[in-house]
Amino acid sequence: MTEAARPAPAPPAPAHPTAADTAVPLPEARTGDRPRPGAPATVHHWPVDHLDALDFDPLLHRLVREEPVALVRMRFGEGHAWLVTRYEYVKEVTSDPRFSRALTVDRPVTGMTPHNIAPARGIGRTDAPDHTRLRRLVAQAFNRKRAAALRAETEAVTERLVDDMMDHACPADLAGHVSGPLPERVIGKLLGVPRGDLGRLQQWRAVILSTDASPARSSTVKADIAAYFRQLADHRLREPGDDLFSELSAAQAAGALSRPELVSLTVMIVLNALDQVRNQCTNMVYALLTHPEQLAALRGDPGLLSSAVEELLRFVPQRNGVGMPRIATEDVTVGGVTIRAGDAVYVSYLAADRDPAVFTAPDRLDLARDEAPNLAFGHGPHYCLGAALTRMQCHAVLSTLLRKAPGLRLAVPPEQVRWRRGTVNRGPQALPVAW
Ligand code: HEM
């Protein structure tokens, strides 16, 4: 590791804060002895409290307007980190190779979970050239033929799930009947995971994505899920199927990636696919049902669907807090603030998608909006690998519901919908709908 890349010593963590966003003065000792032009004088304590419905995080709302390069401290980990919120700066940081993901391994950066969700050898925690090699392997395996087959499967499965829900007594839970099972089927098909194993994967997923599980429990579960995919890889080498996992297992046997890389990559795909798609599709339906004038516009013009999905991706705050940090490998100035070599930096794609400098009335849902691409799936080399798959599923769910259930509505008042707590991604526990 070069001198410039060595992490700066982390300042001591304070007692666990209770109030959201308590800004405290940054003591002289923490700022170091080198000048920091434009550096903020406070660290915002960000406990990432539970938020109901699609309420937007108040700290993010404020920082994107008032302090787009700020210092924050979250519940876990050590010291503080930069949080970049403005659209333009988020794009700058995420496409600048001077911000490294590999350097986050073994670095206890302040964060919102007591453990690191992403595995150390996972794709999200590597830099080029390893990162480029892994992305290329996935791109090769996820070819056009496979994408077309998945699209057909997604549409057929959605159709069946919506029919089954509507055959069920009305009202019914949309998440339990449609948006939960759909990604299970899609990921089962994509990776060749046997249907009977999905229950176990869901249980492991719930622990790993929890903001409350102890590090010990999380480590045990991570070891279990890794062992599961090691075994499945051995099986797929003996009996290959027509799926992405068989192809990646063959690539591993041919030396294109290591076994830990294969397992970490697959675990990342499964964790994201099972949780985020379920939540995102359900949240999108909730957003539409609670914005009746927007829903009416969409019903009146189904050609609006693609722009509606993009606007919902921008508008729905689908996660709590922030994702994975990066470490500056040299001094970099962002928005007039000098981020020092070794400093940890988060970006908030949620905040960037509500940046008033880019989006007019950013807190308003406007399905006809046509301003700038949303950053819901990230930006730069780590752009989400599942973006196309997610769009495909959200599209299928919304278009099928619009067609088959033109009278779809919430079956309870919005304030009676119960929301998931203690987890990274946001979504309702259940979404009772009638039609
Ligand atoms: C609503 C659904 C989803 C959202 C909002 C979402 C969002 C994101 C974001 C913001 C990133 C990180 C960008 C960064 O590191 O700067 C990411 C990375 C990633 N996502 Fe997704 N994602 C979703 C669904 C999926 C699905 C369905 C899959 C798998 C099939 C997936 C697989 C991944 C992987 C493997 C990465 C790491 C890519 C890399 O580091 O190169 N995601 N996603």
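Worth saying up front: this structure is predicted, and the values here are computed from it rather than measured. One is the number of the first residue; the rest follow in order along the sequence. Remember, it's 1-based here, ligands and their atoms both numbered in the order they're listed.
Against a heavy-atom cut-off of under 4.0 Å, V277 is close to the following atoms of ligand 1: 27 (C). Counting the atoms of ligand 1 from 1 in the order shown, those under 4.0 Å from a heavy atom of A376 are 5 (C), 7 (C), 10 (C). Close approach of ligand 1 to L389 is summarised as follows: ligand atoms under 4.0 Å from at least one heavy atom of the residue are 30 (C). Close contacts between ligand 1 and G378 involve ligand atoms 10 (C) [criterion: under 4.0 Å to a heavy atom].
Not close to ligand 1: R278, with no non-hydrogen atom less than 4.0 angstrom away. Judged by the shortest distance from any of its heavy atoms, R319 lies outside the 4.0 Å radius around the atoms of ligand 1.
Protein heavy atom nearest atom 31 (C) of ligand 1, with residue, atom name and distance: N272 CB, 3.4 Å. H382 ND1, 2.6 Å is the protein heavy atom nearest to atom 40 (O) of ligand 1. In terms of protein heavy atoms, atom 42 (N) of ligand 1 is closest to C384 SG, 3.0 Å. Remark: minimum distance from atom 3 (C) of ligand 1 to any protein heavy atom is reached at F377 CE2, 3.5 Å. Distance from atom 15 (O) of ligand 1 to its nearest protein heavy atom, with residue and atom name: R101 NH2, 2.9 Å. Protein heavy atom closest to atom 26 (C) of ligand 1, with residue, atom name and distance, is G386 CA, 3.6 Å. What sits closest to atom 24 (C) of ligand 1 on the protein, heavy atoms only, is T390 OG1, 3.3 Å. The protein heavy-atom contact nearest to atom 38 (C) of ligand 1 is R135 NH1, 3.5 Å.
Between the side chain of N279 and the main chain of D275, a donor-acceptor pair closer than 3.5 Å is present. R326 contributes no side-chain N or O that, together with a main-chain N or O of R98, makes up a donor-acceptor pair within less than 3.5 Å. At least one donor-acceptor pair closer than 3.5 Å links the side chain of S214 to the backbone N or O of R217.
Looking at H61 and D363, their side chains do bring a donor and an acceptor atom within 3.5 Å of each other. Side-chain atoms of R200 and Q203 include no donor-acceptor pair closer than 3.5 Å. No hydrogens or angles considered: a donor-acceptor pair under 3.5 Å links the side chains of S100 and D127.
Between Q318 and ligand 1, no pair of N/O atoms sits closer than 3.5 Å.
For R135 and D130, the salt-bridge test fails: no basic side-chain N is under 4.0 Å from an acidic carboxylate O. Comment: E261 engages R133 in a salt bridge, judged by a side-chain N to carboxylate O separation of less than 4.0 angstrom.
With a 4.0 Å cut-off on non-hydrogen atoms, R326 touches ligand 1 through its side chain and not its backbone.
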Would you be so kind as to tabulate the donor-acceptor pairs closer than 3.5 Å made by side chains of residues 372-382, with sequence neighbours excluded?
residue: N374; atom: OD1; partner: A376; partner atom: N; Å: 3.1
residue: N374; atom: ND2; partner: E310; partner atom: O; Å: 3.2
residue: N374; atom: ND2; partner: E310; partner atom: OE1; Å: 2.9
residue: H382; atom: ND1; partner: H131; partner atom: NE2; Å: 3.2
residue: H382; atom: NE2; partner: T126; partner atom: O; Å: 3.4

